[in-house]
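Heads up: the structure comes next, in structure tokens.
Residue numbers start from 1 in every chain, and the chains themselves are labelled A, B, ... in the order their sequence lines are given, proteins ahead of strands.
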There are 2 protein chains.
Amino acid sequence: MATISDVASMAGVSTATVSRALNGKSTVDPELAARVFAAAEELGYSPNGPARNLRRQEAAVLALIISDVENPFFTAIARGVEDVAQAVGYSVVLCNSDESGDKERRYIDVAIQERVAGVILSPTSTTTNTKRLTDRGMPVVAVDRPLPDDEHDMVLVDTRMAAKEAAAHLFAQGYEQVGCITGPAGVRTADDRLAGYRDAVRSAKKRSSARLVRRTEYKAAGAKAATVGLMSQDDPPDALLVANSSMVIGVLEALDELGKQVGRDVGVVAFDDVSWAKLVDPPLSVVAQPAYEIGTVAAQLLLARIADSDRAATTTTLSARLIERGSSSRA
Amino acid sequence: MATISDVASMAGVSTATVSRALNGKSTVDPELAARVFAAAEELGYSPNGPARNLRRQEAAVLALIISDVENPFFTAIARGVEDVAQAVGYSVVLCNSDESGDKERRYIDVAIQERVAGVILSPTSTTTNTKRLTDRGMPVVAVDRPLPDDEHDMVLVDTRMAAKEAAAHLFAQGYEQVGCITGPAGVRTADDRLAGYRDAVRSAKKRSSARLVRRTEYKAAGAKAATVGLMSQDDPPDALLVANSSMVIGVLEALDELGKQVGRDVGVVAFDDVSWAKLVDPPLSVVAQPAYEIGTVAAQLLLARIADSDRAATTTTLSARLIERGSSSRA
DNA sequence: GTGAAAGCGCTAACAC
DNA sequence: GTGTTAGCGCTTTCAC
């Protein structure tokens with residue numbers, strides 16, 4: 001592959017001049033510049049990124065480590081990040097930790113080794129170790145889930161409040177025994193959504209009961225089993241708050257197999273306004289999170305910190321919006 | 001950030017020895033090795049990837065350029081690629097071309113600049129230019145959609161056959177006027193699915209009619225408008241073959257708004273077995289493509305070609321499977 | 001305005 | 001088995 005010195009000798013100038021011409025730095029004689037461009041074109045020259053980054057000691061690349069590529073919530077964040085990054089000439093590399101602390105650690109190492117300019121991640125758990133990043137002065141922004149220490153920028157959603165509202169809505173619709181299916185303990189969004197649910201139970205003057213709560217992986221299969229378990233006990237719940245959109249697939253399947261009609265028999269509200277929410281029967285009531293905006297804000301924060309490492313860490317909390325559809329109505 | 005010479009001086013050895021010890025190359029005196037590891041640990045040393053890659057003239061990184069991150073079909077491919085790559089120590093960077101030839105070109109350039117070991121891509125159109133890649137000796141594997149020249153490995157699905165089967169199934173179920181909503185002209189999967197549909201029309205001895213076909217972006221909005229257009233003409237279709245899962249969302253919304261009952265009034269079969277297919281009413285009949293397998297095969301092919309650039313290019317064609325559910329039945 | 005030369009951090013000959 | 005040294009391709013002083 002052609003190198004800068006190939007271009008230089010073809011154009012009859014020094015490598016320094018080629019570099020200057022191609023980067024539009026300082027002024028280069030127009031005539032020489034033209035020769036340089038012609039030679040570069042002719043040779044199909046494309047600068048060697050690693051070499052440049054090695055020399056410059058910086059790369060215009062951001063790493064985005066998300067916990068589940070197959071979850072539309074996270075891919076929407078990715079789009080937000082990408083749009084902001086592209087606009088200022090940064091590339092984004094997307095890594096899928098797949099809710100595994102191991103893979104997450106591996107990708108954090110890759111980010112360090114590749115010397116990316118900064119990292120945006122949705123921590124798989126509260127034990128996620130970003131120390132390796134911060135020790136090396138790498139800017140980190142956490143999205144969706146907070147990091148334990150407060151030296152990072154974070155972009156979160158007031159998910160506890162949203163969960164409370166959603167559960168309160170179910171009570172207001174006349175459901176008596178609202179249950180909750182949430183993610184694993186230690187995953188902050190799962191804990192918060194459960195806490196919000198409990199807030200609502202308390203406000204509604206209901207007795208909170210562990211019988212009505214199940215925790216599983218943020219996946220359809222676990223949620224399906226949990227729903228079957230929940231519904232097959234005496235005095236089962238007549239409504240369910242479901243903590244994510246993968247889970248609600250399992251929940252709806254289970255309800256269907258148990259012959260329960262959603263809405264009339266069992267009210268359902270789930271997190272995340274997925275594209276197919278209006279297609280199920282009855283249409284699914286959801287808590288819509290501003291995923292794309294989380295991405296854009298996170299990217300802006302990260303870029304700001306890359307530019308100025310002394311900025312104080314900020315936490316941005318966006319709010320979610322309850323969208324009432326048929327699944328949370330008895331009518 | 002600590003460099004290899006920091007480690008070397010701390011351990012009282014040369015940088016060469018550090019490199020050897022850390023990479024487990026040739027043999028190093030156990031005692032020295034121990035000192036090296038201790039020093040590296042102490043300093044929080046992490047090798048500089050760009051520097052290493054520059055020297056080695058190769059990086060264990062694959063680029064995967066997909067045309068839509070929000071489409072589960074492509075994210076499933078991504079998981080397949082990643083699983084294979086991880087297993088042999090390669091990282092995967094995921095890039096979203098968003099069906100835009102421009103973004104695709106930009107990412108191809110990034111891949112070249114970063115000197116990744118190889119590229120897997122789903123070309124946005126038949127005009128995708130991979131010449132820049134191949135000119136530089138970069139291995140390329142096309143997935144989902146073929147590339148015009150036959151010097152590349154490709155992993156495709158026999159989507160024409162699958163479309164024919166799906167349309168034939170609709171005729172067999174007693175639908176008389178089967179229509180087709182497919183993607184933009186020039187996108188090979190869109191063209192092939194249309195061709196397969198026409199094959200079925202011919203086999204069923206129906207007169208093929210442009211009235212029954214619509215082409216739009218591979219998105220819900222376009223498909224929704226197309227459906228409204230299709231259904232509001234005289235003698236509208238009584239069944240629809242839909243070329244992708246984003247589109248079918250628009251189709252089902254439109255049908256619902258027009259008061260048509262899916263299955264009884266209008267049969268529907270769509271490409272891609274999405275997670276929510278069984279939740280809509282009636283459950284959605286689909287053409288299930290082996291997306292994950294496409295990813296694994298593509299990654300294996302790419303790795304093989306990286307190891308041996310002289311291999312002849314191969315084309316792997318996987319087959320899709322029709323899954324009959326309620327949406328394609330009048331009962 | 002341009003070129004010579006140093007050096008980013010690493011690995012791989014090559015000596016010993 | 002270990003150290004010395006050259007050099008990957010680039011940018012950036014520093015002279016001129």
Side-chain angles (χ1 to χ4, degrees), chain A residues 1-37 39-40 43-61 109-117 136-138, chain B residues 1-37 39-40 43-61 89 109-110 112-117 136-138:
Chain A
M1 214 173 306
T3 72
I4 199 171
S5 28
D6 297 332
V7 178
S9 53
M10 182 161 198
V13 298
S14 73
T15 60
T17 300
V18 175
S19 173
R20 283 190 281 250
L22 262 25
N23 290 303
K25 299 283 186 191
S26 102
T27 55
V28 178
D29 183 277
E31 212 254 311
L32 288 192
R35 293 215 316 259
V36 168
F37 284 113
L43 292 167
Y45 171 73
S46 161
N48 183 313
R52 162 183 282 168
N53 298 338
L54 174 57
R55 178 59 228 230
R56 288 219 191 129
Q57 298 287 68
E58 61 174 24
V61 177
D109 281 346
V110 171
I112 292 172
Q113 295 200 180
E114 296 305 321
R115 304 296 197 260
V116 299
R136 292 172 174 73
M138 277 218 188
Chain B
M1 215 174 305
T3 71
I4 199 171
S5 30
D6 297 332
V7 177
S9 55
M10 183 162 196
V13 299
S14 74
T15 59
T17 300
V18 174
S19 174
R20 283 190 280 253
L22 262 25
N23 290 304
K25 299 282 185 190
S26 98
T27 56
V28 178
D29 184 279
E31 212 254 311
L32 288 193
R35 293 218 310 263
V36 168
F37 284 113
L43 292 167
Y45 171 73
S46 159
N48 183 312
R52 160 183 285 169
N53 298 339
L54 174 58
R55 175 61 228 225
R56 288 216 190 134
Q57 298 288 66
E58 60 173 25
V61 177
D109 280 346
V110 171
I112 293 172
Q113 295 200 182
E114 295 306 321
R115 302 295 196 262
V116 299
R136 293 173 174 71
M138 278 217 187

**Message:** Looking at Arg20(A) and dG3(C), is any side-chain donor or acceptor paired with a base atom of the opposite kind under 3.5 Å?
**Reply:** yes

Using a cut-off of strictly less than 4.0 Å, decide whether [X] has a side-chain nitrogen or oxygen near OP1 or OP2 of [N].
| X | N | value |
| --- | --- | --- |
| Thr17(B) | dG3(D) | yes |
| Gln57(B) | dG9(D) | yes |
| Arg52(B) | dG9(C) | no |

**5' precedence on DNA chain C between Ile4(B) and Ser14(A) (nearest-nucleotide basis)** = Ser14(A)

**Prompt:** NA contact type, Asn23(B), heavy-atom cut-off 4.0 Å: base, sugar-phosphate, or nothing?
**Reply:** sugar-phosphate

**Message:** Using a heavy-atom cut-off of 4.0 Å across all strands, would you classify Pro47(A) as base, sugar-phosphate, or nothing?
**Reply:** sugar-phosphate

Nearest to the side chain of [X] - [options]?
| X | options | answer |
| --- | --- | --- |
| Thr27(B) | dC10(C), dG1(D), dT2(D) | dG1(D) |
| Asp29(A) | dT12(D), dG1(C), dG9(C) | dG1(C) |
| Thr3(B) | dT2(C), dT11(D), dG9(C) | dG9(C) |
| Leu54(B) | dT12(D), dT11(C), dC8(D) | dC8(D) |

**Item:** Nearest heavy atoms of Val36(B) and Val7(B), plus distance in Å
**Value:** O-CG1, 3.9 Å

